[in-house]
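Please read the structure below before turning to the comments.
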Amino acid sequence: MNKIQEKYKWLHNQYGPQGWWPLVDYQGTNPTKTGNVHGYHPGNYELPKTRDQVYEICIGAILTQSVGWVSVEKALINLKKLNAINPERLMKLSDEKLKNAIKPVGYFNVKARKLRVFTGFFMSLNTKIPNREELLKIWGVGPETADSMLLYAFKVPTFVVDAYTRRIFTRLGYINEKAIYDDIKTLFENNLKPDLKVYQEYHALIVEHAKRFYGKGKDNRKCLLFQETIKGT
DNA sequence: AACCAGGACGTGA
DNA sequence: TCACGTCATGGT
């Protein structure tokens with residue numbers, strides 16, 4: 001077992017299945033989770049089931065850019081009340097209603113536009129699964145957003161890298177600070193079997209762990225246990 | 001009361 | 001390419 005696999009094992013043992021990606025209709029709360037948000041469905045890998053759920057994950061991936069999930073959940077609930085977690089119906093919302101609904105996530109002018117651009121693309125898919133290149137061409141969809149959509153909405157085993165991933169594994173010494181997104185992504189994909197569940201859980205576990213122990217400050221000594229799994233390997 | 005959150009884009013060097 | 005400013009609300 002390589003180091004990347006060992007870290008996964010450690011995290012999963014600590015926190016258990018995370019039940020990502022949250023869906024507003026799922027009231028189940030993961031009691032082990034940081035924060036007071038619901039929508040998680042630990043152990044259920046069948047989701048998303050409907051087209052609208054696939055869509056919900058995609059727009060959630062856009063809304064969460066540089067923003068915590070607590071805020072995104074509010075925006076999604078607002079959209080839900082407008083019956084607009086559906087591509088056709090979201091497109092029919094006025095700009096005013098759309099921006100007002102997503103206000104909690106901030107950057108609402110930019111994100112409203114991103115949502116419309118993406119929604120046009122989504123409708124053109126017509127049940128087809130997009131590839132990474134197609135997603136990256138969309139204005140407003142960068143590497144992390146594209147990978148999140150692929151992994152959690154379209155169930156393609158592609159690894160998601162975020163600021164937390166970079167922070168943890170930089171401090172661990174696995175990657176250097178100037179590593180670019182695809183370098184980090186490759187590190188994980190080269191050291192893991194392309195297993196959808198593992199990819200989904202690993203990213204979610206990294207987020208959970210980072211929220212607890214890896215603030216933006218320099219202190220990485222809060223989690224000695226995690227550090228120690230390196231030694232002796 | 002600063003500081004930062006599950007990024008991406010536009011700009012100038 | 002690359003570093004830096006911008007987008008904006010809400011929770012510690």
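Order of the sequence lines fixes the chain letters, A, B, ..., with proteins taken first and strands second; residue numbering starts at 1 for each chain.
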Looking at K74(A), does any N or O in its side chain come under 4.0 Å of the phosphate oxygens OP1/OP2 on dG11(C)?
-> yes
Over how many whole Å does the gap from L115(A) atom CG to dA8(C) atom P extend?
-> 13 Å
Mutual orientation of the aromatic rings belonging to Y152(A) and H203(A) [parallel < 30°, tilted 30-60°, perpendicular > 60°] = tilted
For atom CG of L63(A) and atom C1' of dA5(B), their distance in whole Å | 14 Å
Spell out yes or no: do the side chain of Y214(A) and the base of dG6(B) have one donor N/O and one acceptor N/O closer than 3.5 Å?
-> no
To the nearest angstrom, the NZ-P distance between K103(A) and dA8(C) comes to 11 Å
Which value, in whole Å, describes the distance between the C1' atoms of nucleotides dG5(C) and dG6(B)?
-> 22 Å
dG10(C) to dA8(B) separation - P atoms, rounded to the nearest Å = 22 Å
Exercise: identify the closest heavy-atom pair between L98(A) and L79(A) | CD1-CD2, 4.1 Å
Do any N or O atoms from the side chain of D147(A) and from the backbone of E144(A) form a donor-acceptor pair under 3.5 angstrom?
-> no
From K114(A) atom NZ to L63(A) atom CG, the distance as rounded to the nearest 0.5 Å | 10.0 Å
Whole-Å distance, I57(A) CD1 to dG6(B) P, equals 18 Å
Check whether any side-chain nitrogen or oxygen of R167(A) sits under 4.0 Å from OP1 or OP2 of dA5(B), and answer yes or no.
-> yes
Report the distance from atom CG of L205(A) to atom C1' of dG6(B), rounded to the nearest whole Å.
-> 14 Å
Base-contact (B) and sugar-phosphate-only (S) positions in nucleotides 7-13 of chain B, heavy-atom cut-off under 4.0 Å, - elsewhere = BSSS---
For R166(A) against E177(A), the heavy-atom pair lying closest together = NH1-O, 3.3 Å
Value in whole Å for how far the C1' atom of dG6(B) lies from CD of Q18(A) = 13 Å
Should the heavy atoms of other residues, nucleotides or ligands under 6.0 Å from CZ of R116(A) be counted, would the total exceed 12?
-> yes
If you round to the nearest 0.5 Å, how far is CG of L23(A) from OG1 of T50(A)?
-> 7.5 Å
Round to a whole Å and report the spacing from CG of L151(A) to P of dG6(B).
-> 18 Å
Roughly how many Å is it from CD1 in I206(A) to C1' in dG6(B), rounded to a whole number?
-> 11 Å
